[in-house]
Amino acid sequence: MERETLHGWNLTPTEAVALQRELRERVVLRVPEGWKVERVAGADISMSRGEPWASGGFVVLDAQTRAPVAQASAVTRLSFPYVPGLLSFRELPVLEEAWARLEVRPDLLIFDGQGTAHPRRLGLACHGGLLFGVPSIGCAKSLLVGKHGPLGEERGAVADILHQGEVVGRAVRTRSKVAPVYVSPGHLMDLPTAVEWVLRMTSRYREPETTRHAHRLVNEVRRAALADKARTWDE
DNA sequence: GCGACAG
DNA sequence: ATCTTGTCGC
């Protein structure tokens with residue numbers, strides 16, 4: 001029988017590391033045959049200072065016009081601490097709930113974090129791609145592992161990210177004279193295609209429009225949830 | 001043992 | 001990630 005879920009989330013950090021070593025074997029670093037992209041989605045989560053809960057969500061954009069066509073969000077308790085290298089175990093539970101509410105399926109997912117540019121080659125984007133079964137890309141604002149040489153200062157300039165002798169991603173300048181973003185494939189994805197899509201979804205700002213929309217959505221949802229909590233407090 | 005360390 | 005106002009620069 002086919003399993004309904006990839007795995008549960010009730011894990012300790014040690015168990016999570018072991019699970020990553022198993023899941024990495026399932027990651028496919030090439031795009032599906034005949035793959036066409038009509039819709040691209042951005043995913044993100046947001047949390048309040050010391051609160052044990054977070055909002056998470058997706059915004060789906062038309063790949064051609066970059067106009068938002070659908071969105072979904074959720075608010076859940078955070079069940080896993082932030083541990084560098086284990087970010088997906090903190091962020092994916094709430095995203096899984098938001099995904100269940102998303103009525104329009106994207107052909108591509110862009111995550112705010114690493115894909116293969118990860119100590120065990122299983123960053124947030126790889127794990128998320130496996131979980132949702134959709135081609136995915138990791139586009140982070142800073143590096144987790146690896147180094148890269150200098151890159152040109154114009155938009156479109158790139159430099160390979162090397163880790164343990166492997167090219168695990170690319171630093172990509174999405175805006176001239178602005179710090180680069182770090183792109184790496186997630187699942188059902190390859191590096192050149194990942195870079196191509198990040199540049200395609202970027203124009204005026206450093207980060208892809210997908211990420212910016214998702215960021216805005218989850219922040220609004222979190223503030224609404226916070227206001228709701230305050231209302232319950234003094235009533 | 002000493003740093004580094006996505007969000 | 002989040003806490004936060006003004007401010008430097010194209």
Side-chain angles (χ1 to χ4, degrees), chain A residues 9 13 16-17 20 23-24 27 42-58 73-96 98 109-129 131 136-148 153-155 161-164 168-187 189 194 198 203-208 210-212 214-227 229-230:
Chain A
W9 297 109
V17 169
Q20 288 184 321
L23 294 177
R24 70 192 229 175
V27 172
D44 196 17
I45 76 160
S46 173
M47 47 208 197
S48 298
R49 260 274 295 190
E51 304 296 336
W53 47 268
S55 60
F58 297 89
S73 61
V75 175
T76 67
R77 286 189 63 87
L78 286 169
S79 57
F80 201 90
Y82 170 68
V83 179
L86 299 179
L87 182 64
S88 61
F89 293 91
R90 183 172 174 77
E91 301 208 347
L92 290 178
V94 65
L95 286 176
E96 187 171 41
L109 275 170
I110 299 180
F111 288 88
D112 190 8
Q114 316 294 343
T116 55
H118 176 279
R120 288 168 294 282
R121 308 290 180 266
L122 198 88
L124 173 64
C126 302
H127 198 164
L131 182 63
S136 59
I137 293 170
C139 181
K141 296 180 293 299
S142 61
L143 278 177
L144 172 59
V145 295
K147 307 275 187 204
H148 68 81
E153 59 182 29
E154 296 308 305
R155 166 177 161 87
I161 297 169
L162 272 85
H163 181 237
Q164 300 179 335
V168 296
R170 262 184 199 134
V172 179
R173 189 92 66 192
T174 54
R175 279 195 69 186
S176 296
K177 299 172 184 174
V178 168
V181 291
Y182 302 95
V183 180
S184 57
H187 178 47
M189 183 56 52
V198 165
S203 55
R204 184 169 177 215
Y205 301 94
R206 181 190 180 208
E207 297 208 74
T210 42
T211 302
R212 303 186 69 249
H215 201 273
R216 189 171 44 66
L217 168 66
V218 296
N219 266 308
E220 285 173 0
V221 170
R222 177 177 55 83
R223 284 174 182 130
L226 184 65
K229 177 175 266 190

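- Every residue meeting the side-chain contact (heavy atoms from CB on, under 4.5 Å) condition with A:Arg175, not counting sequence neighbours, appears here in chain and number order: A:Val178.
- At a threshold of 4.0 angstrom between heavy atoms, the contacts of A:Lys177 with the nucleic acid are absent.
- With rounding to the nearest 0.5 Å, the separation of CZ in A:Arg206 from CZ in A:Arg173 is 9.5 Å.
- Using a 4.0 Å heavy-atom distance criterion, A:Gly85 is classed as a base contact.
- Stacking of the aromatic ring of A:Tyr82 onto the base of B:dG7 is found: the ring centres lie under 5.5 Å apart and the planes are inclined by under 30°.
- Listed candidates were B:dA6, C:dT2, B:dG7. Nearest to the side chain of A:Asn219 is C:dT2.
- With sequence neighbours left out, the side-chain contact (heavy atoms from CB on, under 4.5 Å) criterion links A:Gln164 to A:Arg121.
- Contact annotation for A:Ile45: no contact, since no heavy-atom pair falls under 4.0 Å across all strands.
- When heavy atoms are screened at a 4.0 angstrom cut-off, A:Leu78 is found touching no nucleic acid atom at all.
- Counting only Watson-Crick and G-U wobble pairs whose two distances sit under 3.5 Å, DNA chain B takes part in no stem of three or more pairs.
- Atom CD of A:Glu51 is separated from atom P of C:dC3 by 10 Å (rounded to the nearest Å).
- Here the shortest heavy-atom pairing between A:Leu78 and A:Ala54 reads CD2-CB, 3.7 Å.
- Judged purely by atom type and a 3.5 angstrom limit, A:Arg155 has no side-chain atom pairing as donor or acceptor with the backbone of A:Ser176.
- What separates NE2 of A:His215 from C1' of C:dA1 is a distance of 8 Å, to the nearest Å.
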